[in-house]
Amino acid sequence: MKAGTMAFKIKNGTSFLFVILSFGIFSSTRSTKGGHWVEVQRSIGISAMHMQVMFDNKVVIFDRTDFGPSNISLSNGRCRYNPRDMALKLDCTAHSVLYDPAANTLRPLTLHTDAWCSSGALTPDGTLLQTGGFNDGYTRLRSFTPCPHHDTCDWREHTSHNLSTSRWYASNQILPDGKIIIVGGRNSFTYEFIPKAKTDKPFYFLPFLKLTRDPIRGEENNLYPFLHLLPDANLFIFANRNSILFDYTRNKVLRTFPLLPGREKRNYPSTASSVLLPLNLTALNGTRLPVAEIMICGGAYPGAFTLANKLKIFLEASRTCGRLRVFDANPKWVMENMPMPRVMPDMILLPTGNVVILNGAMNGTAGWENAVNPVFYPVLYKPGLRSFEMLSPASTPRMYHSSSVLLPDGRILVGGSNPHRLYHFRAYYPTELSLDAYCPEYLGAEAEAWRPSIVAVNDTAPYGRVFAVTFSLREWLGGVAVTLVAPSFTTHSFAMNQRVVVLDVVGVKEVAEFGYRVVARGPPSLAVAPPGYYMLFIVHAGVPSAAVWVQVK
Ligand SMILES: *[C@@H]1O[C@H](CO)[C@@H](O)[C@H](O)[C@H]1NC(C)=O
Ligand SMILES: *[C@@H]1O[C@H](CO)[C@@H](O)[C@H](O)[C@H]1NC(C)=O
Ligand SMILES: *[C@@H]1O[C@H](CO)[C@@H](O)[C@H](O)[C@H]1NC(C)=O
Ligand SMILES: *[C@@H]1O[C@H](CO)[C@@H](O)[C@H](O)[C@H]1NC(C)=O
Ligand SMILES: *[C@@H]1O[C@H](CO)[C@@H](O)[C@H](O)[C@H]1NC(C)=O
Ligand SMILES: *[C@@H]1O[C@H](CO)[C@@H](O)[C@H](O)[C@H]1NC(C)=O
């Protein structure tokens with residue numbers, strides 16, 4: 001069944017401003033306890049190290065320009081000549097593709113400079129602003145603007161503006177005023193804004209980034225810092241075992257949180273993952289701040305990188321998660337155990353408010369050939385119940401340089417894994433060019449009768465306003481949530497800008513046979529939901545619809 005194709009009469013004669021285009025739901029006829037996996041592409045020609053879903057449902061995927069020749073050619077015989085490339089100076093292959101999940105097709109894109117281990121965020125108008133990388137890409141700004149009505153858009157390199165300093169392994173976050181903050185990078189103990197206001201300095205020193213860096217060569221354990229915009233407009237920044245509440249407008253640390261318990265380190269190369277748990281606006285009436293809680297899972301023990309890198313001894317990874325309610329008077333980490341140890345996990349928030357922890361390895365760390373024992377089992381974490389449930393196993397190892405993103409149809413797209421310096425297809429853990437989709441249990445045939453289909457949204461920019469969504473449904477069980485999900489830029493186990501906002505539902509009523517109308521309050525502030533495109537889901541009895549895109553502006 002497709003969203004938007006079920007017609008029904010609206011009883012009270014309300015007309016709707018926007019008709020939503022249909023979007024396929026991928027359901028299965030087999031038993032789906034624990035969900036199931038589908039390999040959607042055997043090879044996309046590159047290894048999905050970085051991924052971002054765009055507002056036209058397409059996914060921008062890229063690896064790095066100095067991997068040597070990829071398995072997909074640039075179209076029209078275009079080539080990239082770069083005298084500074086360390087692997088291949090004249091390269092006629094692509095290192096980025098645009099993937100269309102609905103059609104299951106892709107086309108090559110042209111990256112001109114090296115975006116290896118870079119960072120990114122969507123601007124308020126839905127352009128991917130992608131920053132930094134390695135070598136000739138250290139200070140680069142690149143962008144990709146979707147082209148839903150033709151299929152010719154490509155990467156743009158911004159040579160008239162550069163980052164103030166090299167940013168390799170930095171993290172980005174979109175801010176309430178629409179600027180993007182870029183924090184850190186290897187040997188860059190600073191942050192900066194893009195675009196810069198007249199009063200902004202080129203960069204600001206942040207000693208926290210230097211203090212959290214472990215001194216042994218390669219052991220840094222503070223790269224790709226975890227960054228989360230909190231609903232009070234401050235930033236939560238985590239690196240190594242440390243975290244701060246940070247006012248980026250005044251360059252001021254407002255609070256230092258307790259160390260995350262345990263000896264484990266949580267950032268690259270002892271890579272863990274981090275999420276801001278869903279911001280639940282239910283019953284707050286737009287007047288109070290929602291509870292903000294961070295959850296960090298996995299990582300590695302001190303020295304794990306050096307042992308793996310030098311001696312090929314692979315320590316068991318961390319099995320703990322820590323949760324911190326940042327606005328408590330006396331915030332304390334609450335520790336929980338995952339069913340298995342995991343380094344390099346991805347943590348993906350579902351529209352239901354649950355978390356899927358997937359990918360990674362049980363031993364070792366991030367870095368070249370530094371991990372063994374891939375974890376095939378994803379785990380479903382329910383924040384309300386604090387429960388971990390093992391899901392159906394994948395069949396492809398997804399370790400260093402793999403990534404995952406939530407798709408608008410509710411699947412999780414999973415790709416990449418290349419623990420080698422170059423493409424290496426015959427290694428024990430080979431370079432992975434494939435793409436998998438993990439289909440959670442809610443996409444199964446058993447859930448079909450309870451699955452809402454969005455028919456129309458009467459306001460596609462519902463910031464600060466009450467708005468209505470009509471949807472169809474075969475069997476009403478009660479319990480409807482309206483959630484906004486910000487699509488993440490995922491790389492190195494961190495889904496930057498990932499955010500789930502559970503809106504305050506004012507009411508829901510039946511307006512036709514199988515037709516319902518839910519009224520909800522849009523986000524109350526740009527700190528709760530920073531500007532940009534969000535996937536709007538209706539969740540009924542734990543089963544989400546396919547998303548439609550709305551804009552917060
Ligand atoms: C990529 O291309 C190489 C060289 O043609 C080939 O040996 C290899 O099998 C291909 N890899 C995949 C995963 O398709
Ligand atoms: C940005 O960097 C590129 C490459 O190093 C350089 O060619 C360009 O002039 C720089 N732009 C500015 C505005 O400094
Ligand atoms: C929110 O509004 C509802 C209905 O008007 C009221 O019952 C409730 O007390 C309000 N809650 C807050 C926190 O103001
Ligand atoms: C993984 O770690 C466990 C626990 O330390 C250890 O027993 C096992 O040998 C390790 N596996 C590998 C392949 O190194
Ligand atoms: C949001 O909060 C409401 C009221 O406490 C609760 O019923 C609901 O389950 C919560 N939703 C999520 C996704 O956590
Ligand atoms: C959408 O519906 C809500 C709830 O009925 C109403 O308050 C709002 O004014 C409507 N918005 C538009 C743009 O029609």
Side-chain angles (χ1 to χ4, degrees), residues 10-20 39 41-48 63 65 67-73 82-85 88 91-95 97 106 108 112-115 131-143 156-167 192 194-196 202-203 286 396-398 402 415-418 420 422-427 429-436 454-471 482 503-509 511 516-522 536 548 550-551 553:
I10 292 167
K11 274 181 192 159
N12 63 5
T14 317
S15 64
F16 290 93
L17 289 177
F18 300 98
V19 175
I20 305 306
E39 184 182 81
Q41 288 281 335
R42 178 83 282 273
S43 169
I44 57 166
I46 63 167
S47 194
D63 51 21
T65 54
F67 257 160
S70 74
N71 280 36
I72 180 168
S73 298
N82 186 338
R84 294 183 62 189
D85 195 297
L88 185 65
D91 189 351
C92 302
T93 68
H95 294 282
V97 300
L106 55 98
H112 294 275
T113 55
D114 197 2
T131 48
F134 178 68
N135 199 9
D136 64 353
Y138 275 140
T139 63
R140 279 309 175 108
L141 298 176
R142 310 170 192 85
S143 64
R156 245 185 85 207
E157 298 264 337
H158 296 247
T159 44
S160 57
H161 293 88
N162 295 319
L163 294 171
S164 67
T165 179
S166 72
R167 302 214 182 264
E192 68 185 278
I194 301 289
K196 290 179 178 41
F203 62 84
T396 304
R398 302 284 180 186
S402 62
S417 194
N418 185 13
H420 313 287
L422 300 172
Y423 296 111
H424 191 346
F425 301 112
R426 276 185 286 274
Y429 297 119
T431 303
E432 265 307 325
L433 305 182
S434 64
L435 274 187
D436 287 338
I454 297 177
V455 176
V457 178
N458 81 340
D459 186 344
T460 54
Y463 168 57
R465 298 198 287 250
V466 168
F467 71 110
V469 185
T470 37
F471 60 94
V482 182
L503 297 180
D504 191 18
V505 169
V506 178
V508 53
K509 67 174 182 202
V511 290
Y516 301 84
R517 184 165 184 268
V518 59
V519 175
R521 288 174 219 274
L536 179 148
V548 299
V550 297
Q551 203 178 2
K553 59 178 182 185

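Since the model is a prediction, treat every value here as computed from it, not as a measurement. Index from 1, following the sequence. Just so you know, ligand 1 is whichever comes first in the structure, and atom 1 is the first atom listed for that ligand.
Protein heavy atoms come within 4.0 Å of atom 10 (C) of ligand 1. For atom 14 (O) of ligand 1, the protein comes within 4.0 Å by at least one heavy atom. In this structure, atom 5 (O) of ligand 2 is not in close contact with the protein, since no protein heavy atom lies within 4.0 Å of it.
Remark: the backbone N or O of Leu503 is not paired with any side-chain donor or acceptor of Arg521 at under 3.5 angstrom. At distances below 3.5 Å, at least one donor-acceptor pair connects side-chain atoms of Thr93 with backbone N or O atoms of Ser70. The backbone N or O of Asp114 sits less than 3.5 Å from a side-chain atom of Asp136, completing a donor-acceptor pair.
If you check each of Val466, Val457, Asp459, Asn458 against atom 12 (C) of ligand 6, the one with the closest non-hydrogen atom is Asn458.
Closest heavy-atom contact between Ala94 and Pro108: CB-CB, 3.6 Å.
Under the 4.5 Å side-chain criterion, counting only non-hydrogen atoms from C-beta, Asn71 is not in contact with Tyr423.
Near Leu433, meaning under 4.0 Å from any of its heavy atoms, are these atoms of ligand 1: 12 (C), 13 (C). Ligand 2 places these atoms under 4.0 Å from at least one heavy atom of Thr159: 1 (C), 8 (C), 10 (C), 11 (N), 12 (C), 13 (C). Every atom of ligand 2 is numbered from 1 in the order shown, and the set under 4.0 Å from a heavy atom of Ser160 is 13 (C).
Here the CD1-CD distance, from Ile44 to Glu432, works out to 10.5 Å after rounding to the nearest 0.5 Å.
In terms of protein heavy atoms, atom 1 (C) of ligand 2 is closest to Asn162 ND2, 1.5 Å. The single protein non-hydrogen atom nearest to atom 3 (C) of ligand 1 is Asn71 ND2, 3.6 Å, given as residue, atom name and distance. Closest to atom 7 (O) of ligand 2 among all protein heavy atoms lies Arg140 NH2, 4.9 Å.
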*From CA spacing to verdict: side chain to side chain contact (heavy atoms under 4.5 Å, CB included), Leu106, Gln41*: CA-CA 10 Å; Leu106 55 98; Gln41 288 281 335; 4.0 Å; yes
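Residue Thr113 forms a side chain to side chain donor-acceptor pair (under 3.5 Å) with just one option from Arg142, Arg140, Arg84, and that option is Arg142.
Of the heavy atoms in Arg517, only side-chain atoms (C-beta onward) come closer than 4.0 Å to ligand 6.
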